[in-house]
Amino acid sequence: MEKTRVLEIETMSINKQILLELYDRLFEAFGPRRWWPAESRFEVIVGAILTQNTAWRNVEKSIAQLKAKNVLSPESIYNMPVKELAALIRPAGYYNIKAERLKSFMRFLYNGYGGNLNRLLGTEMASLRKELLTVKGVGPETADSIILYAAEQPSFVVDTYTNRILYRHHLIPDDASYDIIRDFFMDRLPQNTALYNEYHALLVYTGKTFCSKTKPKCLQCPLQGLNQ
DNA sequence: CTCCAGGATA
DNA sequence: TATCCCGGAG
């Protein structure tokens with residue numbers, strides 16, 4: 001066997017251990033995050049679209065308004081005028097674009113799956129991901145959030161925090177793409193929905209609390225010293 | 001002022 | 001690659 005190949009395998013093995021240690025440190029420090037906070041799988045999907053580049057607390061206001069009007073359902077949103085929908089989700093920001101995105105998702109759901117959410121979410125993971133990525137307004141992070149937290153299938157969710165934390169611990173290069181980072185986890189961790197669920201939630205909590213873009217609190221971070 | 005469970009467009 | 005979308009909290 002070539003020497004470079006041997007080194008690749010050793011690096012892979014070391015990084016596996018680091019990813020497990022990373023998880024263990026965070027879980028030990030913070031415990032289970034109980035994601036995704038939603039009452040239904042449909043609510044997860046709506047939340048996943050509304051939370052794009054938006055603080056969750058603002059999404060909660062929008063979800064609450066949809067519930068108050070009793071329109072948090074595929075058929076209601078499918079049939080609702082887009083302007084009316086935009087007004088209801090206003091607190092989430094980007095409300096015109098997000099209203100269009102919710103509508104486009106519902107058209108996708110009705111056109112391809114007869115409005116049957118179970119049928120969509122029951123699709124095998126790789127196919128489901130490709131399908132979701134055809135929806136205008138659903139990018140890789142939103143697709144993986146839907147797969148992991150609504151369909152409960154093991155697709156690792158990557159976000160800005162994931163990127164930053166791995167980069168700061170020298171596990172990925174500065175310019176690593178979404179799919180490279182996703183594969184970095186999925187090639188080294190067991191394909192386990194509960195693990196991916198908790199892992200992403202812990203990374204987000206850590207990113208917010210310690211690994212902020214400016215003024216990170218490295219000295220107090222549970223990941224201090226990980227991978228040198 | 002910056003930042004936030006991003007994605008589309010030119 | 002840069003710009004736009006946008007309210008709300010710190």
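Chain letters run A, B, ... following the sequence lines, proteins first and then strands; every chain starts at 1.
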Length of the CG-P vector between A:N58 and B:dG6, whole Å: 12 Å
P spacing across the pair B:dC1 / C:dC4, given as an integer number of angstrom: 15 Å
Pairwise 5' ranking along DNA chain B for A:S212 and A:V138, keeping only the more 5' one: A:S212
Check: A:W35 ring centroid to A:W56 ring centroid under 6.0 Å: no
Closest-nucleotide ordering on DNA chain B, the 5'-leading residue of A:K136 and A:T54: A:T54
Touch class at under 4.0 angstrom, heavy-atom based, for A:V135 against every strand present: sugar-phosphate
Rounded interatomic separation in angstrom, taking CG from A:L132 and P from B:dA8: 12 Å
Residue-phosphate contact under 4.0 Å: A:T142 side-chain N/O, B:dG7 OP1/OP2: yes
C:dA9 phosphate, OP1 or OP2, under 4.0 Å from A:K61 side-chain N/O: yes
P gap between C:dG8 and B:dG7, integer Å: 22 Å
Interatomic distance at P, C:dT3 relative to B:dT2, whole Å: 14 Å
Parallel, tilted or perpendicular: ring planes of A:F27 versus A:Y23, cut at 30 and 60 degrees: parallel
Value in whole Å for how far the P atom of B:dG7 lies from CG of A:D159: 10 Å
Touch class at under 4.0 angstrom, heavy-atom based, for A:G93 against every strand present: base
A:F156 and A:Y199 aromatic ring geometry - parallel, tilted or perpendicular at 30°/60° bounds: perpendicular
Donor-acceptor contact below 3.5 Å, side chain A:Q65 vs main chain A:L88: yes
Separation of B:dG6 P from A:I97 CD1 (nearest whole Å): 14 Å
Distance, rounded to the nearest Å, where A:K98 contributes NZ and C:dC6 contributes P: 9 Å
Interatomic distance where CZ belongs to A:R90 and P belongs to C:dC6 [whole Å]: 10 Å
A:R57 side-chain proximity, nearest of C:dG7, C:dG10, B:dG6: C:dG10
Presence of A:N96 side-chain N/O under 4.0 Å of C:dC6 phosphate oxygens OP1/OP2: yes
Whole-Å distance separating the NZ atom of A:K103 from the P atom of B:dA8: 19 Å
Closest contact, heavy atoms only, A:L133 versus A:A143: CD2-CB, 3.8 Å
For atom OH of A:Y94 and atom C1' of B:dG6, their distance in whole Å: 8 Å
